[in-house]
Amino acid sequence: MTFSEGTMISNVQKEQLEALRFYGVLAHLDDLPAGNWLPWLLSVENSERQKRSLERRIISAKLGRFKLMADFDWRWPDHLDRAQLDSLFALDFLSSGSNPIFVGPNGVGKTMLAKNLAYRALLGGHTVRFTTASVMLSELSAQDGASGLHRRLGLYVRPRVLVIDEIGYLSYGNRHADLLFEVITRRYNEGNKPIIVTTNKPFRDWSETFPNATCVVTLVDRLVHRSEIVQIKGQSFRLKEAKEAAAIKITKRQ
């Protein structure tokens with residue numbers, strides 16, 4: 001029995017076969033036996049391709065190891081808008097093209113939140129690239145020729161979501177400021193390519209990170225034009241954990 005004789009194939013299934021590039025199956029539908037194997041085949045193939053796609057995107061994202069949100073202590077920060085975070089983790093920022101910017105002192109969980117948000121975007125089927133500001137700017141500034149710089153810039157411009165961690169922890173020269181400006185501007189001009197940023201400095205103090213750089217005002221303006229600023233206030237959670245670990249060691253020695 002063939003499809004034409006006994007089993008009808010839906011338009012949705014035809015679209016799925018085309019999306020999977022099963023052109024041989026499409027070309028010989030009338031010659032194939034009827035049965036329930038087609039829905040099973042489409043389901044298995046889609047599932048496997050989604051799994052492999054996620055694995056490739058996770059490797060390419062370079063997130064490294066990080067604590068999951070289940071380990072986040074919501075009671076520790078003095079101030080953190082959970083409803084705002086829930087909206088971000090629903091990936092609303094992707095549809096609006098907004099830049100999530102985590103601002104707060106050291107040790108309050110900015111990087112953890114940024115990595116978890118990036119991972120959520122990966123699970124949502126998007127491409128992601130994670131980098132610290134120092135690594136990105138060092139890599140870009142090390143490029144000698146225009147072609148090499150163009151290729152390296154592509155690593156930070158192409159992904160749907162770019163995470164730039166730890167802006168404000170080090171000071172940079174004018175060349176580095178210009179390169180950061182280039183990354184932000186290219187993503188800004190392409191539209192709907194959010195940048196997730198973590199910083200320990202308010203924007204008014206970014207001139208300390210890029211002293212004498214003339215592009216800082218414009219750089220910040222383009223970054224915050226479409227942004228979701230998450231203010232985190234509190235003491236360092238890492239310092240808290242270190243003190244607790246030290247107290248446990250002292251107790252064991254007694």
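Position 1 is the first residue of the sequence; numbering continues from there. Remember, it's a predicted structure, so these values are computed and weren't measured experimentally.
For the residue pair Thr127 / Arg158, no side-chain donor-acceptor distance below 3.5 Å is found, with atom types taken as modelled. Using modelled atom types and a 3.5 Å distance limit, the side chains of Asp165 and Thr198 yield a donor-acceptor pair.
Looking at every heavy atom in both residues, Pro100 comes nearest to Pro194 through CD-CB, 4.5 Å.
The residues Glu190 and Arg186 are annotated as not salt-bridged, no charged nitrogen and carboxylate oxygen being separated by less than 4.0 angstrom.
A side-chain hydrogen bond (donor to acceptor under 3.5 Å, both in side chains) with Tyr169 is found for exactly one of Asn200, Thr199, Thr209, Asn106, namely Asn106.
At least one donor-acceptor pair closer than 3.5 Å links the side chain of Arg160 to the backbone N or O of Leu94. Arg129 places no side-chain N or O within 3.5 Å of a backbone atom of Ile164 that could act as its donor or acceptor partner. In this structure, the side chain of Ser138 does not engage the main chain of Val135 through any donor-acceptor pair within 3.5 Å. One N or O on the side chain of Arg57 and one on the backbone of Leu122 form a donor-acceptor pair closer than 3.5 Å. Side chain of Ser141 to main chain of Leu137: a donor-acceptor pair is present (N/O by atom type, distance under 3.5 Å, no hydrogens or angles). Remark: the backbone N or O of Leu68 is not paired with any side-chain donor or acceptor of Lys115 at under 3.5 angstrom. When atom types are taken as modelled, the side chain of Trp76 and the backbone of Gln235 share a donor-acceptor pair closer than 3.5 angstrom.
Around atom CG of Asp78, more than 12 heavy atoms belonging to other residues, nucleotides or ligands sit under 6.0 Å away.
Taking the side chain to side chain donor-acceptor pair (under 3.5 Å) definition, one finds that Tyr172 meets it with nothing, sequence neighbours left out. Residues that satisfy the ring pair (Phe, Tyr, Trp, His ring centres under 6.0 Å) test with Tyr156, not counting sequence neighbours, are absent from this structure. Qualifying side chain to side chain contact (heavy atoms under 4.5 Å, CB included) partners for Asp71, counting only residues two or more places apart in sequence or in other chains: Lys67, Met112.
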Show the numbers, then the answer: is there a side chain to side chain contact (heavy atoms under 4.5 Å, CB included) between Val197 and Asn99? CA-CA 8 Å; Val197 171; Asn99 301 317; 5.9 Å; no

Give the C-alpha distance, both sets of side-chain angles, the deciding distance and a yes or no for side chain to side chain contact (heavy atoms under 4.5 Å, CB included) between Val183 and Leu140. CA-CA 10 Å; Val183 171; Leu140 293 175; 3.9 Å; yes

For Asn116 and Leu113, run side chain to side chain contact (heavy atoms under 4.5 Å, CB included): C-alpha distance rounded to whole Å, both residues' side-chain angles, the deciding distance at 0.1 Å, then the answer. CA-CA 5 Å; Asn116 273 277; Leu113 291 171; 5.9 Å; no

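Ile232 is not connected to Ile195 by any chain of hydrophobic side-chain contacts under 4.5 Å among Ile, Leu, Val, Met, Phe, Trp and Tyr, and they are in different clusters.
Under the 6.0 Å distance and 45° angle rule, Arg226 counts as a cation-pi partner of Tyr188.
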